[in-house]
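What follows is a short report on a single structure.
Bear in mind the structure is a predicted one, so any value in this text is a computation, not a measurement.
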Amino acid sequence: MKVLVGLSGGVDSAIAAWKLMQEGHDVTCCFMRNWDSLTNADIEGNPTIGDDICPQEQDYSDALAVARHLGLELLRADFIQEYWDNVFQTFLKEYERGRTPNPDILCNKYIKFDSFFDFAMSHGFDAVATGHYASITQDAGFTWLSRAADQNKDQTYFLCQVPESRIAKTLFPIGSLRKPEVRRLAAELDLESVASKKDSTGICFIGERDFRAFLSNYLPMKPGPIVDIDTGRMLGEHQGVLYYTVGQRKGLNITAHKGPWFVIGKDVYRNELYVCHESRQDWLVSDACLVKDINWIIPDWFQIPEKLTAKFRYRQPDQAVFLERLDDDSALVRYPQGIRSVTEGQEAVFYDGDKCLGGGTIEEVFRDGVAVKDRIRSALQLPAAGDEGEDRG
């Protein structure tokens, strides 16, 4: 096939391009530039803002070296505006609501498998390819998204929002490889620009940041009280409730009261952060959640087993769950064994064995039939949502 592979300047996509060549495809590479620090006011918390060469241009240089070494053409596509409009603005709006979004999932949904995919199709390519650790399985004309051979690196969690119609025209060349093999191949092929380059971390296409300082570029810090859920006492002062997530224990700076302490919730409108003592970690446990905006990667509803597994965050071991479908894109997910730190705004991704069935956004979290945020309000004798003239939900 005529394939356009996204070449990022990293080792995984480099070996993906090489493997496609070995399989006999007509391969062209494309580097995507999706972030401009100066244009996007990415100043505070940016460790490379003063560098002579920005990380994106260094990545392009590394990708170009790979393409030349392999004898492949390298195109360049600019999706900076699309990233800002569809990924980053969604990211900020979710944080403003006090939720914890996953930018990698947004990036795959709106950039790699939307803008980049459309770019490839409009330029006459038959398929796209990426360096994701994932696989595809064909069965009776349907393309299943399946886990990679390297379970430790499997990235199907981040691909859960990609429609099946696009997965059907996508190749994951390194899905059958393990990371050490990828590194070994890069060294053997003398791909010097990427063979020993460390994996990218941080925010998708943005990179590593002092996250609190980075967010302050767009969402102003607003200090407020940290409250003990069991006593109602103020234990300290947070730097802005938007910067904390459920289950967090580091960075709370509670020094006058022996801990450790864990974040269990927050109220954006009251600007309060709620924590529990380590002896009361039952506050972190829920037994059900409402999941919305589910992208199902299935041929029909009968392919959803009553009992399946789910991940509520990347690298979490598979959790046994029972799913009650409410409509085409929402479901009530029950896990009577109880799970810690299931968090609104993050993604619930569903699996049937090695098949990824899709995923959606965690909208609300429950315990014993009561929303966790309502349990917090009740414990602190706070007004119910809406009772103070604002919807606090």
Inset, instruction - Describe, in one word, how the ring planes of Trp144 and Phe142 are oriented to each other, choosing from parallel (under 30°), tilted (30 to 60°) and perpendicular (over 60°). - result: perpendicular
Legend entry - Criterion side-chain hydrogen bond (donor to acceptor under 3.5 Å, both in side chains) against Tyr133, the qualifying member of Asp150, Asp12, Asn152, Asp154: Asp12
Legend entry - Check ion pair Glu363-Arg97 (N to O, under 4.0 angstrom): yes
Legend entry - Ring centre gap for Phe88 and Trp35 strictly below 6.0 Å: yes
Legend entry - Pair Tyr218 and Tyr95, ring centroids less than 6.0 Å apart: no
Inset, instruction - Output all residues satisfying side chain to side chain donor-acceptor pair (under 3.5 Å) with Glu324, sequence neighbours left out; order by chain, then residue number. - result: Arg334
Inset, instruction - Supply the atom-to-atom distance Leu273 CG to Asp267 CG, rounded to the nearest 0.5 angstrom. - result: 10.5 Å
Legend entry - Check: Asp62/Ser193 side-chain N/O donor and acceptor closer than 3.5 Å: no
Inset, instruction - For residues 72-93, pull every pair meeting salt bridge (charged side-chain N to carboxylate O under 4.0 Å, His left out), keeping only residues two or more places apart or in separate chains. - result: Glu57-Arg76
Legend entry - CG on Leu64 to CG on Asp59, rounded to 0.5 Å: 12.5 Å
Inset, instruction - Can you label the angle between the His132 ring and the Phe172 ring as parallel, tilted or perpendicular, going by 30° and 60°? - result: perpendicular
Inset, instruction - Determine whether the aromatic ring centres of Phe158 and Tyr314 lie less than 6.0 Å apart. - result: yes
Inset, instruction - Go through the steps for Ser286 and Tyr335 under the test side-chain hydrogen bond (donor to acceptor under 3.5 Å, both in side chains), then give the verdict. - result: CA-CA 8 Å; Ser286 62; Tyr335 34 96; 2.8 Å; yes
Inset, instruction - Go through the structure and list residues passing side chain to side chain donor-acceptor pair (under 3.5 Å) with Thr255, not counting sequence neighbours. - result: none
Inset, instruction - Could you tell me if the ring centre of Trp296 sits under 6.0 Å from that of Phe350? - result: yes
Legend entry - Arg212 and Asp210 ion-paired at < 4.0 Å: no
Inset, instruction - Measure the spacing between OG1 of Thr343 and CZ of Arg313 and express it to the nearest 0.5 Å. - result: 7.5 Å
Inset, instruction - Apply the test side-chain hydrogen bond (donor to acceptor under 3.5 Å, both in side chains) to residues Asp36 and Asn40: give CA-CA distance (whole Å), side-chain angles for both, the deciding distance (0.1 Å), then the verdict. - result: CA-CA 6 Å; Asp36 185 300; Asn40 295 338; over 6 Å; no
